[in-house]
Engineer: 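My structure is below; once you've seen it, I'll send some questions.
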Amino acid sequence: MRPARGQNGTNPTGAPGPRLRPRLWSVRILWHTVGDGEFFCPDCGGDRNYQRRTGRRRLTVLGIPLATRGTAGPVVECAACQGHFGTEVLDHPTTTRFSAMLRDAVHTVALAVLAAGGTSSRTVTTTAVATVRAAGFDDCTEDQLVALIEALAADTGRFLTDPVDETDPCGAALAIELHEALEPLAPHLAPAGRESILLQGARIALADGPYSAAEREVLSTVGGALSLCADDTARLLAAARTPS
Ligand SMILES: [Zn+2]
C-alpha cells in the first residue's frame with residue numbers, strides 16, 4: 001500500500017512512517033457568494049443553478065492565515081459540478097430561455113408577415129398558425145393571430161398592405177419588434193437555424209402566391225435582424241419560391 005500523501009507532497013526527509021508534516025505555507029482563496037441564478041453549464045451541458053462568487057487570497061503559514069494577497073474572481077460556480085467559469089458564461093442563455101426566444105422569434109416573424117400581407121387569405125392564416133404551433137405555442141389559433149394583427153393595425157393606424165409609405169416601408173414599430181425578437185437570438189444560432197426562421201416566414205408569405213412588396217420588405221428586415229447578409233436573404237427568399 002502506498003503511503004498517503006499530504007497536500008505538500010512527499011516526506012522530503014525520507015523518514016519512515018506515514019506521518020505527515022503540515023504544509024509550511026500556502027495561498028488559500030476564501031470565496032464569498034455575491035449572487036445566484038440559473039445558467040447553462042458548459043461542463044454539465046445543461047441548465048443548472050450557479051453562485052456568483054468573489055474571493056480573497058490569503059497567505060497561510062502553518063495553517064494560520066496571515067496576509068491578504070489580492071482578490072480572485074468573480075467566478076460563476078456550478079451548483080452541480082462545482083466547476084468555475086468566467087462571468088461571460090452568463091451571456092449564454094439557458095436552454096429554457098433559448099427555447100422561449102426561438103418560439104417568440106417565430107411568433108414575431110409570423111405576425112410581421114401577416115401584418116405585411118394581410119389576413120384575408122385563409123391559406124396564409126392557417127400556414128401561420130401551423131408555423132407558430134410547430135414553434136411551441138401549441139394553443140395558438142387563427143382568431144388569436146388575427147386579433148393581434150388588428151390590434152397592431154389599430155396601434156399603428158394602418159395595415160402594412162395600405163399604400164406603401166416611402167419613408168416607412170416596413171413599419172417602424174414592426175421593424176423594432178423584429179429586431180428586439182431576433183437580434184439577441186442570432187449569435188446563439190448556427191447559420192442553418194437563422195435561415196430556417198427566415199424560411200418559415202417566407203412560406204407563410206408564399207401561401208397565397210408570390211411575395212408582395214410589403215412581404216418582401218418585411219422578410220428582408222427579418223434576414224437583417226438575423227445577421228444574414230442581403231445576398232443570402234435574397235437567395236433564400238428566391239429558393240423558397242421554387243417548389244421542391
Ligand atoms: Zn456544471
Side-chain angles (χ1 to χ4, degrees), residues 1-10 18 20-109 131-140 177-200 222 225-228:
M1 193 181 90
R2 257 193 286 169
R5 290 184 171 188
Q7 279 193 321
N8 55 336
T10 58
L20 297 171
R21 294 195 318 165
R23 192 171 187 170
L24 281 181
W25 64 272
S26 65
V27 176
R28 299 240 170 103
I29 300 177
L30 296 176
W31 291 104
H32 299 275
T33 301
V34 290
D36 57 19
E38 199 178 43
F39 82 130
F40 181 85
C41 177
D43 278 7
C44 302
D47 294 352
R48 306 284 184 254
N49 291 321
Y50 72 82
Q51 290 190 322
R52 190 188 173 101
R53 315 189 84 186
T54 57
R56 267 196 320 234
R57 290 193 178 83
R58 306 289 294 272
L59 175 66
T60 305
V61 176
L62 290 170
I64 300 159
L66 285 186
T68 302
R69 281 284 175 274
T71 55
V75 298
V76 171
E77 184 181 290
C78 174
C81 71
Q82 270 75 51
H84 278 194
F85 310 95
T87 49
E88 69 280 357
V89 80
L90 300 180
D91 295 341
H92 195 290
T94 61
T95 47
T96 309
R97 173 86 193 106
F98 181 73
S99 317
M101 287 164 84
L102 206 51
R103 206 176 52 201
D104 289 347
V106 173
H107 189 246
T108 306
V109 168
T131 306
V132 170
R133 281 189 182 166
F137 286 109
D138 300 337
D139 47 4
C140 169
E177 286 282 329
L178 284 171
H179 280 278
E180 282 180 353
L182 302 177
E183 269 171 7
L185 179 66
H188 306 293
L189 278 176
R194 288 182 275 133
E195 291 177 1
S196 159
I197 293 177
L198 177 68
L199 288 173
Q200 291 179 63
V222 169
L226 286 166
S227 310
L228 295 168

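Values below: every heavy atom of this structure, side chains too, minus hydrogens, waters and symmetry copies. Note that ligands are numbered from 1 as they come in the structure, with each ligand's atoms numbered from 1 the same way. What you see is a predicted model; the values in this text were computed from it and never measured.
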Engineer: Check the Zn ion (ligand 1) and write out every protein N, O or S atom at under 2.8 Å, as residue and atom.
Structural biologist: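 Short answer, with waters excluded from the count: Cys41 SG, Cys44 SG, Cys78 SG, Cys81 SG.
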Engineer: Applying ring pair (Phe, Tyr, Trp, His ring centres under 6.0 Å), can you list everything that pairs with His84, at least two apart in sequence or on another chain?
Structural biologist: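 With neighbours one apart ignored, the set is Trp31.
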Engineer: Please verify the inter-ring angle class for Phe85 with Phe39; under 30° counts as parallel, over 60° as perpendicular, anything in between as tilted.
Structural biologist: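 The rings of Phe85 and Phe39 sit tilted, inter-plane angle from 30° to 60°.
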Engineer: Sequence neighbours left out, cut at 3.5 Å: what donor-acceptor pairs do the side chains of residues 184-196 make with other protein atoms?
Structural biologist:
from: Arg194; atom 1: NE; to: Leu189; atom 2: O; distance (Å): 3.3
from: Arg194; atom 1: NH1; to: Leu226; atom 2: O; distance (Å): 3.2
from: Arg194; atom 1: NH1; to: Ser227; atom 2: O; distance (Å): 3.2
from: Ser196; atom 1: OG; to: Gln200; atom 2: NE2; distance (Å): 3.2

Engineer: Ignoring hydrogens and angles, tell me if any N or O in the side chain of Arg28 forms a donor-acceptor pair with the backbone of Arg58 under 3.5 Å.
Structural biologist: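 Flag not set: sc Arg28 to bb Arg58 has no pair under 3.5 Å.
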Engineer: Applying the side chain to side chain donor-acceptor pair (under 3.5 Å) criterion to Thr33, which one of Glu77, Arg52, Arg53 satisfies it?
Structural biologist: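 The residue from Glu77, Arg52, Arg53 that satisfies side chain to side chain donor-acceptor pair (under 3.5 Å) with Thr33 turns out to be Arg53.
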Engineer: Taking side chain to side chain contact (heavy atoms under 4.5 Å, CB included) as the definition, give me every residue that meets it alongside Glu180, ordered by chain and number, with sequence neighbours left out.
Structural biologist: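 With sequence neighbours excluded, Glu180 shows a side chain to side chain contact (heavy atoms under 4.5 Å, CB included) to Ile176, given in chain and number order.
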